[in-house]
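Please read the structure below before turning to the comments.
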2 protein chains.
Amino acid sequence: MEPTDENALKPIASVDLVVLALSEHGLQVLLIRRQADPFRGAWALPGGWIHTDEDPDLDAAAARVSREKTGVETPYLEQLATFGSAGRDPRGWSVSVGYVALLPADEVAGRAAESTDTAWHAVTGDGVAVPLAFDHASILRAGLIRLRAKVEYTSLPVHLLPAGFTLGELQAVYERILGRRLDKSAFRKRIAEVDFVEPVPSAMRRGSNRPAQIYRVKPGLGTAFFDRTI
Amino acid sequence: MEPTDENALKPIASVDLVVLALSEHGLQVLLIRRQADPFRGAWALPGGWIHTDEDPDLDAAAARVSREKTGVETPYLEQLATFGSAGRDPRGWSVSVGYVALLPADEVAGRAAESTDTAWHAVTGDGVAVPLAFDHASILRAGLIRLRAKVEYTSLPVHLLPAGFTLGELQAVYERILGRRLDKSAFRKRIAEVDFVEPVPSAMRRGSNRPAQIYRVKPGLGTAFFDRTI
DNA sequence: GTAATAGTGTCTCTTAGACAATATGCT
DNA sequence: AGCATATTGTCTAAGAGACACTATTAC
């Protein structure tokens, strides 16, 4: 059962990230133009080899890639699924562990202009307008399915907002990802039920209208799950 | 970014299976006693290296391992999560893609007696009574969490039953895994709603009571999702 | 008949969903 | 005042959950 020559049978192992953020124009995914073969010049998800000499585990490898490619220290990171086959990389049998990363809207602008080889691309339906290297279109599709599924019944979308946000802004995020309007009253009932945000004392968003209370995520809580759906 | 010596940095890659079945005594997981170091003599989840020369992809590798270790051709197989770290295998940085496999109850008896090194172990809470090799306790725990979560809102438990079953038997499976009683009337309403089973014409389960209609899964359907929860 | 389980029906209390009313700042 | 958005309240139709009733077989 154990191979005689271990190294010969070892697949290539890497980590690929679906980095998502929400701009005024909708959901955006961070893509990198490949500098090297294979697929030189094509757009790809940010990713990299697992560094067995420096990464203690998979999550650390994903965090390192995220840091190297996006500059953001600790975005929300969640393992998505693993893609492995003989044909997905022309260099040989390869395994890629896919991760989903969510970035707050206010981090997006800075990252986009950094390099001509790194750019945010608008998500349309279940993909992007440009072709992607490897099987990255599949990984992206899986990431979008995961995000949209979890938006229905978890507090995940808070990670697409800055640390302080109003309930109106939070509702807008849900609506943008789900692609449908939500009832304000029902929405607030759900948020109050699961109790994962708290008002920031005397912090208000002001405009030419009634000021809105600013909320933040309650510290020490993970992702909250709704009883039913949002 | 690309390592100079690829093989030196390649992690070890394997597939591990959480093979579950439901007996009269509750949920059972298939374990194998390790014949070789490391962890020689310890119980472990059935697993094996990815064979880059014969497995076309990860699902095929999992199916092969399942076939080799359980003898069952096509159980329900679902990718669970991937576990990778420097320390989980003393031989070096390793990646294991975990899968959940569900077996019909009528397949269980035959497999158990095959070998003294292969045995069904009762699941108690979130694990088994014996210690497991590697980080297999974590993988098992993740598999159980996945199963229990999906039982709440999907038709997954049908895979724990033989091809033909009564609605009473199906309800019993849900109740056993969830650990709580379900209302018969409400249960049947849900099953009718999602419409994933059909009666087998004139097939009846007989006993010292009113005979029960035997149902089967509608062909060509994947896992069905309930609107809310079961 | 009795026992046992299958299968269907009814009733009530909760609540999701739609809609409306009020509150509060800015210009 | 008028506008825009925040925040809270009300009403109703739908449905979940609890419970009960009828059906059909073996013995």
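Convention: sequence-line order gives letters A, B, ...; per-chain numbering from 1. Not measured: the values here are computed from a predicted model.
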Checklist line | Close approaches to DNA chain D from residues 165-173 of chain B, in residue order (heavy atom, under 4.0 Å) | finding: none

Next item on the list: Kindly state which residues belonging to residues 205-217 of chain B come within less than 4.0 angstrom of DNA chain D, counting heavy atoms of the residue only, listed by number.
Entry: B/R206, B/G207, B/S208, B/N209, B/R210, B/P211

Next item on the list: Give a yes or no answer on whether the side chain of B/D55 reaches the backbone of B/D57 with a donor-acceptor pair at less than 3.5 Å.
Entry: no

Check: Would you say B/E78's side chain and B/A101's backbone share a donor-acceptor pair under 3.5 angstrom?
Finding: no

Margin query: For A/R64, is there an ion pair with A/E68 - N to carboxylate O distance below 4.0 angstrom?
Written below: yes

Check: Would you call A/R146 and A/E152 a salt bridge, using N to O less than 4.0 angstrom?
Finding: no

Distance, rounded to the nearest Å, where [X] contributes [atom1] and [N] contributes [atom2]:
X: A/R181; N: C/dA18; atom1: CZ; atom2: P; answer: 12 Å
X: B/F226; N: D/dG17; atom1: CZ; atom2: P; answer: 13 Å
X: A/I191; N: C/dA16; atom1: CD1; atom2: P; answer: 13 Å

Checklist line | Mutual orientation of the aromatic rings belonging to B/H159 and B/Y76 [parallel < 30°, tilted 30-60°, perpendicular > 60°] | finding: parallel

Checklist line | Flag side-chain contact, heavy atom, 4.5 Å: A/L31 against A/V19 | finding: no

Notebook entry, point to check: Would you say the side chain of B/R205 lies within less than 4.5 Å of the side chain of B/Q213, judging by non-hydrogen atoms?
Noted result: no

Margin query: Return the CD1 to CZ distance between B/I139 and B/R88, rounded to the nearest 0.5 Å.
Written below: 5.0 Å

Margin query: If I take atom NZ from residue A/K218 and atom CD from residue A/E198, how far apart are they, to the nearest 0.5 angstrom?
Written below: 6.0 Å

Contact list (N/O, under 3.5 angstrom) for nucleotides 8-10 of chain D vs protein:
unit_1	atom_1	unit_2	atom_2	d
D/dG9	O6	A/S185	OG	2.8

Next item on the list: Give a yes or no on whether the ring-centroid distance for A/F187 and A/Y174 is below 6.0 angstrom.
Entry: yes

